[in-house]
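Down below is the structure, laid out as structure tokens.
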Amino acid sequence: MDVLDSDVVIVGAGPVGLMLAGELRLGGADVVVVERRTEPTTESRASTLHARTMEILAARGLLDRFGSLPHHTMGHFGGIPLDLTLPGPYPGQWKAPQVRTEAILQDWALSLGARLRRGHELTALTLHPDAVEAQVSGPAGPLRISARYVVGCDGEHSTVRRLLGAQFPGQDAGRELIRADIDGIDIPARHFQRLERGLAIAARNPQGVTRVMVHEFDGPAGHRTGDPEFADIRDAWRRVTGEDISHGTPIWVNAFGDASRRLAAYRHGRVLFAGDAAHQQMPIGGQALNLGLQDAVNLGWKLALHLTGRAPDNLLDTYHAERHAVGRRVLGNINAQAALLLGGPEVNPLRAVLAELITHEPARRHLAGMISGLDIRYDVDASGHPLLGARLAHDHPMRSGRGLLIDAYGDPEHHALLRATAAPWADRVDTVAAEPDSLGPLPGPDAVLVRPDGHVAWIASAGPPGPQPLVAALHTWCGGPAHPGHTRTTTGHHTPVERRHDMSRLNGKTALVTGSSRGIGRGIATRLAREGALVAVHCSTGVPTAEEVVASIEKEGGRAFVVQAELGVPGDVHELFLALEQGLKERTGSADLDIVVNNAGVMGGVSVEDTTPEKFDRLFAVNARAPFFVIQRALTNLTEGGRIINISSGLTRVANPDEIAYAMSKGALEQIALHFARFLAPRGITVNSVAPGITRNGSPVFDIPEAVEQMAQLSAFGRVGEPQDVADVVAFLASDDARWVTGAFIDASGGTLLG
Ligand code: NAP
């Protein structure tokens, strides 16, 4: 039997499962999604995206992928027209076929590294104290997936729920709506038309197909086992409207009832639920899909932080606390709408009163807030204001799925205090600057902390940031400040995956390693990828070897891509960044860069007499000029708390007449650490130099035992260095553990400089 390890198994590759997969990947968790269907669905059941979901998709940079979407400001509440307009960038409701939404979310999740297994059906779940085992049957036979958490995103008839025996309390369907797409009929359009015997809806699409929906006030209870026949809708339509549609050709017919159920707990230890697996409701007003997507976005970052060992103890439990309450409210409004829509003549007076109330602005806004999801308030903080958070997230995209501290202080002292307070959380929270008074109506907040799901967790208004409330909010939502040892917990799996769990300090980070097609650079790229970073493997002419490096990283479960550009020639850095930014955007949705390792270099190996001006210039162009301009160009990409590491050489400390120009170029390179460290400290970026001694780089000289013997004597340890010896030092400097080291020269020469 095949065996797979992962942090999380998601059951169900519908929109909710795929959204969750992407969110978990952004947070650095391993994800496998298993899906019973071999192909994505072709039925577009849910097509409405409400304002809050639109804001989330925009914040993750996903909205562009949809192109322009049809949009209406008018919706309805139980069939009573309701203007959904509220302040915000996406007022009203937007239409995207579910197949399109699913395809976009699938591409996104896969590009972030989620693994999707279609044609795989969950058959059993075994819960252990520290793991969950999912038995899955797939096209190639049974598969066992060992994970730390399972999330059921497998819809109304959830297998995960059934296998767990989880309670799904609520009410059975008492009424049903039958619907069909019918070709070849020409009947009048009806918009939520209540007639004497029932409700009728008919709308013809531009292709001439008519969507017909009918409910009979004294019709059947609505708990069918299979889909209805065309005869059922034909007869019901005739009874309600008097019209004959029997000559039409049905494309499909189905029915849904007004059952309303919600799990008592969205979390059962290591098993969680999101979307329709957690709550069943009538699909009125397109709220079900939106509710599910928002469940996923609430859960993803919390579960990822929990898995990486950085979450406060109760963070994962806030998923149930927050979303169960939202589910109750949404199911409540859906039940109210079902009563208004499907009730008989006895609900007419109620409808009349409500229609009157909706003409009053506060009542309209109240209902619009409920339907659009813009009224969701979590108990994050006394001053928490999610609507504000949603808008801020729109102005400051949160593609990385990390928290966001938006700093609009005009006063430099307040500005510095805020940043210093948040610096220990730089691995989880990005700090961005905003114009003073740009965060809201005057007098606006001076700074806000936004959770990864766009909800505001802390607001500073008028005066200094007040470090204590900010620190408290950071502790509540992000966990303790980063410190050595406070890294990801292990799974206890005795597999190669376990090794990755132990070394995951760079999960969610992106890195450029110049000259990593071979030698020390290859060692560094491999090590950073093992730590979880997405690595750009750069080379000049060695594309095939760079591709080999990427393949070997991917084989180990890491993520990398090749960028090619010759350094030391005009336009070098521009070309490098064109390829780099494209590669990053394709995989992460942004060009953010966390780590730059300037490793590419050329040796001299020529005597003083043979050093021509051309050779001298070439050494400086590749070893000193290129790194300077790489850093200059990366300034806009580098994230708060970023890392710059320049690979120098022990030859800046040991005399060698054949390497004077080379040593001079490395001496110039070392100046970068000193001066850039000061320049970039306000952004929490560290800049350091690492100086290897003689290191085995694949050059033929290392195949000559006598030569190796001689070189080994230079090190205090009596051996030559391995790329791994240097890569380990670079990985440390790249990690949060080295946040207090900047402007330093690190001797990584195995004691060669001791003399
Ligand atoms: P290496 O094996 O010679 O590999 C050099 C790497 O840099 C290759 O990936 C190469 O790409 C790339 N590169 C070279 N020139 C380039 C250019 N003009 N433009 C773009 N890429 C270029 O190097 P290494 O020995 O591992 O050394 C790595 C770094 O450590 C260098 O900065 C070196 O000075 C320093 N260092 C090495 C030692 C040592 O003993 N190995 C000791 C001290 C310091 P292609 O494959 O495309 O050519």
Side-chain angles (χ1 to χ4, degrees), residues 45-46 48 50 74-84 93 156 169-180 187-203 211-224 228 232-243 245 253-262 276 279-288 290-291 327-360 363-364 366-372:
R45 283 168 291 182
T48 302
H50 283 298
M74 286 308 286
H76 71 93
F77 190 89
I80 300 166
L82 171 68
D83 183 345
L84 292 170
Q93 48 178 326
E156 199 172 303
Q171 73 195 36
D172 286 336
R175 295 171 277 220
E176 77 166 6
L177 255 168
I178 316 181
R179 63 179 174 177
I187 54 174
R190 297 176 191 272
H191 188 67
F192 293 107
Q193 206 170 67
R194 287 168 58 82
L195 301 162
E196 198 186 326
R197 300 197 56 182
L199 171 77
I201 300 155
R211 167 81 49 99
V212 168
M213 290 199 244
V214 62
H215 162 70
E216 291 179 272
F217 293 143
D218 56 359
H223 31 253
R224 296 175 179 272
D232 295 322
I233 192 163
R234 178 198 65 199
D235 296 347
W237 190 259
R238 198 190 51 246
R239 286 193 290 272
V240 171
T241 66
E243 285 167 10
I245 54 171
V253 187
N254 68 15
F256 51 88
D258 62 348
S260 180
R261 301 181 169 280
R262 199 162 42 109
D276 289 356
H279 39 73
Q280 182 186 356
Q281 58 283 307
M282 201 169 190
I284 292 183
Q287 290 178 88
N290 291 269
L291 184 60
R328 185 186 58 225
R329 193 163 152 76
V330 173
L331 266 57
N333 95 52
I334 289 178
N335 287 342
Q337 294 196 66
L340 287 168
L341 204 55
L342 308 181
E346 73 282 0
V347 299
N348 287 346
L350 193 58
R351 294 178 61 87
V353 171
L354 195 71
E356 233 176 78
L357 271 179
I358 285 180
T359 63
H360 294 271
R364 181 198 73 75
H366 183 83
L367 293 179
M370 218 181 220
I371 305 264
S372 61

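- Residue Ile284 holds its CD1 atom at 9.5 Å from CD1 of Ile371, rounded to the nearest 0.5 Å.
- In this structure a side-chain-to-backbone donor-acceptor pair under 3.5 Å is present from Asn290 to Thr48.
- In terms of heavy-atom proximity, Arg261 sits nearest to Gly170 at NH1-N, 3.5 Å.
- No side-chain heavy atom of Arg364 sits less than 4.5 Å from a side-chain heavy atom of Thr359.
- In this structure a side-chain-to-backbone donor-acceptor pair under 3.5 Å is present from Asp258 to Gly174.
- For Pro345 against Phe217, the heavy-atom pair with the smallest separation is CD-CD1, 4.3 Å.
- Using a 4.5 Å heavy-atom cutoff, the side chains of Gln337 and His76 are in contact.
- In this view, Glu243 and Ile187, Pro188, Arg190, Trp237, Thr241 satisfy the side chain to side chain contact (heavy atoms under 4.5 Å, CB included) rule, not counting sequence neighbours.
- Residues Ser260 and Leu331 share a closest heavy-atom pair of OG-CD2, 3.7 Å.
- Contact record, Leu195 with Val240: CD1-O, 3.6 Å, taken as the closest heavy-atom pair.
- Atom CD of Gln171 has more than 12 neighbouring heavy atoms from other residues, nucleotides or ligands inside a 6.0 Å radius.
- Between Ile178 atom CD1 and Asp232 atom CG the span is 5.5 Å, to the nearest 0.5 Å.
- In terms of modelled atom types and a separation under 3.5 Å, the side chain of His215 and the main chain of Leu342 share a donor-acceptor contact.
- Here the CG atom belonging to Leu357 is positioned 8.5 Å from the CG atom belonging to Leu367, to the nearest 0.5 angstrom.
- Rounding to the nearest 0.5 Å gives a distance of 3.5 Å between NE2 of His279 and CG of Leu291.
- Checked by atom type, the side-chain pair Asp276/Gln281 shows a donor-acceptor distance below 3.5 Å.
- Put simply, CG on Asp172 and CD on Gln280 are 8.5 Å apart, with the number rounded to the nearest 0.5 Å.
- Partner of Ile358 under the side chain to side chain contact (heavy atoms under 4.5 Å, CB included) criterion, out of Leu82, Asp83, Val353: Leu82 alone.
- Nearest heavy-atom pair across Gly79 and Phe192 is CA-CG, 3.8 Å.
- Residues Gly286 and His50 come closest through the heavy atom pair O-CD2, 3.8 Å.
- Expressed to the nearest 0.5 Å, how far CE of Met74 lies from CG of Leu84 amounts to 7.5 Å.
- Residue pairs meeting the side-chain hydrogen bond (donor to acceptor under 3.5 Å, both in side chains) criterion with at least one member in residues 341-355, sequence neighbours excluded: Arg194-Asn348.
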